[in-house]
Amino acid sequence: MKRIFESVKDGLMKWLGSETGAGAVALMLLMMCAWLLGWIMGHAMGGVTQVFEQSAYGLHGAAATAATVVGVAGVGRHITGQPLTTAVADSVSPQLLRNEIDDRIVKIRPMSTPLDQISRYGGARLCGSMKVEYYSVDTKPATARLTKAVAADDGRGNGYVQVSLETDNNAIFQPTTTLIVPGTKASDGGSLVLYVVSNDGTSSGLKVIAVNNKSGSAYALPALAAGTELVRMGRAATELDVMTSQFEALPTKSDNLCQIFKAQVEQSTFMKIANKEVGWTFSDQEEAAIIDMRMGMEKNFLFGHKTRFADPVKGEEVLLTGGVWNQTSNRFTYSAEKAIDEEWLVKLCRQAFSHNAGSSKKVLLAGSDLIEKLHLAGSQRVMVNDATVTKWGLDFTEIHSKFGTLYVLLAEVFDQCGMPGNGMVIDPEYITKYCHVPFRTERLNLRQSGVRNVDAIVITEASCLVLRYPESHMRIEVQQ
């Protein structure tokens with residue numbers, strides 16, 4: 001054994017003394033010096049990790065590599081020979097980090113951007129185009145109003161008298177439909193009930209008879225003023241009827257444009273390594289940029305105007321998204337001079353929840369003037385609840401009514417846009433967010449490209465909001 005050891009030792013010494021051995025030793029020394037120099041410069045100046053550091057990864061990162069490889073054979077993707085970074089994760093598994101990013105975004109100043117916050121909690125739909133087309137359908141209208149007054153007609157004793165009516169929506173009344181006229185008394189003491197005999201689709205083609213208003217031996221129509229409301233009830237078929245008038249409901253197509261929202265954050269290398277009195281880091285700057293970006297998105301999602309045009313300087317097309325404020329025609333107006341009382345709150349809830357088949361719980365986003373008026377009406381404990389309710393990461397107060405419950409929250413964008421007295425009732429069940437490019441951050445390599453000696457990221461989202469059932473949402477406006 002001793003002879004073998006001495007033989008190996010003599011052979012090694014002879015090899016080191018040879019030209020080949022000396023060259024190998026010199027090469028190893030140069031590699032170690034280069035690795036050491038790269039490590040020192042990379043950590044001192046915050047630069048990019050050197051190539052030689054990747055070769056050293058096998059020495060100090062073997063345990064981590066083993067931890068990532070362990071799993072079911074053939075499932076997932078395995079990274080070896082390089083550090084696992086967010087860039088690698090995005091290229092290998094693009095959806096891996098998305099939920100974490102969304103979770104982080106919704107925790108950044110949620111009370112300042114309630115509309116964007118609610119839409120993120122509801123989940124976004126990916127769309128393959130910057131133009132979003134969607135279909136929506138409302139429930140069939142139940143009422144119409146007379147556009148022309150009808151004179152009383154006793155029929156001169158001839159049974160049931162047919163009378164032609166002109167309404168603002170004749171199309172909702174089919175033959176055999178029964179109607180009630182709530183504001184008109186019939187001869188039997190109840191409200192007047194009509195029966196639709198025919199409807200040819202013209203403005204005066206709706207023919208009805210009165211079934212509970214008798215004048216002598218005839219059933220005649222009393223005088224009806226213009227503006228009288230007619231309420232549609234059920235149909236009444238005869239014994240031999242097999243069919244009735246058809247009923248179809250087709251959704252109408254609407255569209256919106258996705259707007260590309262961006263924010264960019266940069267920090268120079270010298271700013272990064274400078275001593276600071278407080279811990280202001282690149283992540284703090286990134287959070288501030290996200291706050292500002294979300295505030296801008298909130299204004300576009302509410303009050304944006306849908307259009308596309310060419311930038312006069314760049315010559316490239318710009319798409320602006322349409323806000324939800326103009327997507328509904330349901331309006332509630334009030335006078336700023338009058339105080340809000342319980343009757344006002346009941347009327348507000350009535351219009352917000354009636355005639356639209358929406359949810360029983362909706363969100364009221366309001367400016368500071370409207371919130372102040374609601375707060376001054378807070379003595380009505382039956383309706384206004386001071387207890388805080390947390391939903392979608394937001395803290396609400398409640399307004400209760402027999403019609404439904406409103407979750408109330410101050411939306412400062414109304415104040416910033418010059419509408420502190422306005423507000424909007426949102427039905428969270430029928431608001432959809434479309435994303436062509438989901439919220440993401442990309443690191444820009446401006447240092448290596450020779451632009452600036454900075455660390456830089458750009459934050460991007462291309463998205464829009466749409467109202468599914470427009471009439472289930474409502475604008476609240478101050479009378480001008």
Side-chain angles (χ1 to χ4, degrees), residues 86-87 89-108 110 113-136 251-265 286 289-328 392 413 426-444 456-470 473:
T86 55
D90 284 337
S91 63
V92 175
S93 182
Q95 302 299 323
L96 178 64
L97 300 179
R98 182 181 170 197
N99 289 335
E100 182 178 348
I101 292 174
D102 285 344
D103 290 343
R104 180 187 173 193
I105 296 306
V106 298
K107 295 176 183 176
I108 297 178
T113 55
L115 184 60
D116 180 55
Q117 181 81 358
I118 293 171
S119 68
R120 290 186 187 277
Y121 264 88
R125 296 187 180 183
L126 293 178
C127 55
S129 171
M130 290 290 286
K131 182 177 181 180
V132 174
E133 294 183 341
Y134 59 97
Y135 287 87
S136 61
T252 56
K253 179 186 283 190
S254 302
D255 63 83
N256 203 353
L257 300 175
C258 290
Q259 183 170 328
I260 303 174
F261 302 96
K262 279 185 176 289
Q264 186 164 325
V265 183
E286 182 181 0
I290 291 174
I291 292 172
D292 183 72
M293 179 179 174
R294 290 190 70 186
M295 287 294 293
M297 294 171 67
E298 185 84 356
K299 298 183 184 74
N300 281 105
F301 288 156
L302 263 175
F303 306 116
H305 174 68
K306 182 187 70 174
T307 187
R308 55 201 312 164
F309 61 94
D311 186 298
V313 176
K314 300 177 183 177
E316 300 176 6
E317 188 179 45
V318 180
L319 277 67
L320 301 183
T321 189
V324 298
W325 180 262
N326 294 316
Q327 292 181 27
T328 179
W392 307 289
V413 295
I426 298 292
D427 191 337
E429 296 294 328
Y430 300 116
I431 185 170
T432 303
K433 181 174 184 178
Y434 286 96
C435 283
H436 185 57
V437 178
F439 193 98
R440 68 185 184 191
T441 60
E442 297 177 281
R443 192 163 296 277
L444 304 179
I457 63 167
V458 61
I459 308 165
T460 306
E461 179 176 297
S463 59
C464 64
L465 287 186
V466 300
L467 301 182
R468 278 292 179 179
Y469 291 89
H473 311 264

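Since the structure is predicted, the reported quantities are computational estimates derived from the model, not experimental observations. Only this structure's heavy atoms are used, side chains among them; waters, hydrogens and symmetry mates stay out.
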Determine whether a donor-acceptor pair (N or O, by modelled atom type, separation under 3.5 Å) exists between the side chain of [X] and the backbone of [Y].
X: T321; Y: C464; value: no
X: E461; Y: R440; value: no
X: H436; Y: A462; value: no
X: H473; Y: Y430; value: yes

Partner residues of [X] under the side-chain hydrogen bond (donor to acceptor under 3.5 Å, both in side chains) criterion, sequence neighbours left out:
X: Q264; answer: E266
X: K299; answer: Q416
X: T460; answer: K262

> Around atom CD1 of I260, are there more than 12 heavy atoms of other residues, nucleotides or ligands at under 6.0 Å?
Replying inline: no

> Partners of E316 by salt bridge (Lys or Arg N to Asp or Glu O under 4.0 Å), sequence neighbours excluded?
Replying inline: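 E316: no salt bridge (Lys or Arg N to Asp or Glu O under 4.0 Å) contacts found.
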
Nearest 0.5 Å, what's the [atom1]-[atom2] distance between [X] and [Y]?
X: I431; Y: I426; atom1: CD1; atom2: CD1; result: 5.0 Å
X: F261; Y: S463; atom1: CZ; atom2: OG; result: 5.0 Å
X: M130; Y: L257; atom1: CE; atom2: CG; result: 8.0 Å
X: L126; Y: Y434; atom1: CG; atom2: OH; result: 11.5 Å
X: I118; Y: W392; atom1: CD1; atom2: CH2; result: 5.0 Å

Nearest heavy-atom pair of [X] and [Y]: which atoms, and what distance?
X: M293; Y: I459; value: SD-CG2, 3.7 Å
X: C258; Y: C127; value: SG-SG, 3.9 Å
X: P470; Y: Q327; value: CB-O, 3.3 Å
X: L319; Y: Q259; value: O-CG, 3.5 Å
X: L465; Y: N256; value: O-ND2, 3.1 Å
X: V413; Y: F303; value: O-CE1, 4.3 Å

> Is any side-chain N of the basic residue among K433 and D116 closer than 4.0 Å to the acidic one's carboxylate O?
Replying inline: yes

>> Apply side chain to side chain contact (heavy atoms under 4.5 Å, CB included) to residues L467 and D427 and explain how you reach the verdict.
In response: CA-CA 9 Å; L467 301 182; D427 191 337; over 6 Å; no

